[in-house]
Q: 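Quick one: the structure is below, questions incoming.
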Amino acid sequence: MDSSKQYLNQVIYSIDKTLEILHQLSSFDVDVASHLNNLVFEFDNMAKLGENSHSIKVPMEVLNLIDNGKNPDEFTRDLLNNCIAKNQITKGKVDTFKDLRGHLLEDLEHAFPDEVEDYRQRRI
């Protein structure tokens with residue numbers, strides 16, 4: 001696993017651990033001092049992780065969606081849909097050029113049968 005993914009996994013784990021400790025603190029039958037020590041440890045861990053030189057690049061569109069209270073998965077969904085649409089356009093162009101090539105070869109075969117046969121033999 002490359003270092004940026006490992007770093008991201010550490011950040012996610014630390015956030016999850018912090019949320020777990022905060023949830024445990026919300027119940028009344030826990031050792032508050034112990035949980036507060038664990039919480040301080042996790043905050044310290046997050047601060048140390050933040051000091052690392054790793055940078056995680058997040059598109060501004062994702063941050064804007066979060067600021068607007070929307071799910072950031074919408075960005076991924078929209079990006080995927082745009083890629084699918086562009087892929088379909090590209091596939092259409094490729095298919096069109098294949099058809100054009102086939103038509104050209106047919107026309108050339110009528111005009112230059114020997115040359116087209118020679119071309120086909122060389123392409124094999």
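Every value quoted in this text rests on a predicted model; they were computed, and no experiment measured them.
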Q: Throw together a table of side-chain donor-acceptor distances under 3.5 angstrom for residues 62-75, partners on residues two or more places apart or in other chains.
A:
{"from": "Asn64", "atom 1": "ND2", "to": "Met60", "atom 2": "O", "distance (Å)": "3.4"}
{"from": "Asn68", "atom 1": "ND2", "to": "Asn64", "atom 2": "O", "distance (Å)": "3.1"}
{"from": "Asn71", "atom 1": "OD1", "to": "Asp73", "atom 2": "N", "distance (Å)": "2.9"}

Q: Looking at OH of Tyr13 and CG of Asn45, how far apart are the two atoms once the value is rounded to the nearest 0.5 Å?
A: 9.0 Å
Q: Who pairs with Asp16 by salt bridge (Lys or Arg N to Asp or Glu O under 4.0 Å), at least two apart in sequence or on another chain?
A: none
Q: Mind checking side-chain contact (heavy atoms from CB on, under 4.5 Å) for Leu19 and listing every partner two or more places apart, or none if nothing turns up?
A: Ile15
Q: If hydrophobic clusters are built by linking Ile, Leu, Val, Met, Phe, Trp and Tyr wherever their side-chain heavy atoms come under 4.5 Å apart, do Phe41 and Ile21 end up in the same one?
A: no
Q: List for me each residue that meets side-chain contact (heavy atoms from CB on, under 4.5 Å) alongside Thr76, sequence neighbours excluded, and say none if there are none.
A: none
Q: In the hydrophobic clustering (ILVMFWY, side-chain contacts below 4.5 Å, transitive), which residues join Ile84, or is it alone?
A: Leu80
Q: Rounded to the nearest 0.5 Å, what separates atom NE2 in His35 from atom CD in Glu20?
A: 8.0 Å
Q: Output all residues satisfying side chain to side chain donor-acceptor pair (under 3.5 Å) with Thr18, sequence neighbours left out; order by chain, then residue number.
A: none
Q: Kindly write out the residues that satisfy salt bridge (Lys or Arg N to Asp or Glu O under 4.0 Å) with Asp44, not counting sequence neighbours, or none if the list is empty.
A: Lys48
Q: Could you tell me which residues satisfy side-chain contact (heavy atoms from CB on, under 4.5 Å) with Asp107, sequence neighbours excluded, listed by chain and number?
A: none
Q: side-chain contact (heavy atoms from CB on, under 4.5 Å) for Asn81 and Arg77? Distances and angles first, verdict last.
A: CA-CA 6 Å; Asn81 288 337; Arg77 186 193 66 228; 3.8 Å; yes
Q: Which salt bridge (Lys or Arg N to Asp or Glu O under 4.0 Å) pairs, counting each pair once, include a residue from residues 108-120, with sequence neighbours left out?
A: Glu109-Arg120, Asp118-Arg122
Q: Spell out, yes or no, whether Val40 and Leu22 are grouped together once hydrophobic residues are joined by side-chain heavy atoms under 4.5 Å, including indirect joins.
A: no
Q: Let me check something: any side-chain donor-acceptor pairs from residues 93-105 under 3.5 Å, sequence neighbours excluded? List them with distances.
A:
{"from": "Asp95", "atom 1": "OD2", "to": "Lys91", "atom 2": "NZ", "distance (Å)": "3.0"}
{"from": "Thr96", "atom 1": "OG1", "to": "Gly92", "atom 2": "O", "distance (Å)": "2.7"}
{"from": "Arg101", "atom 1": "NH2", "to": "Tyr119", "atom 2": "OH", "distance (Å)": "3.4"}

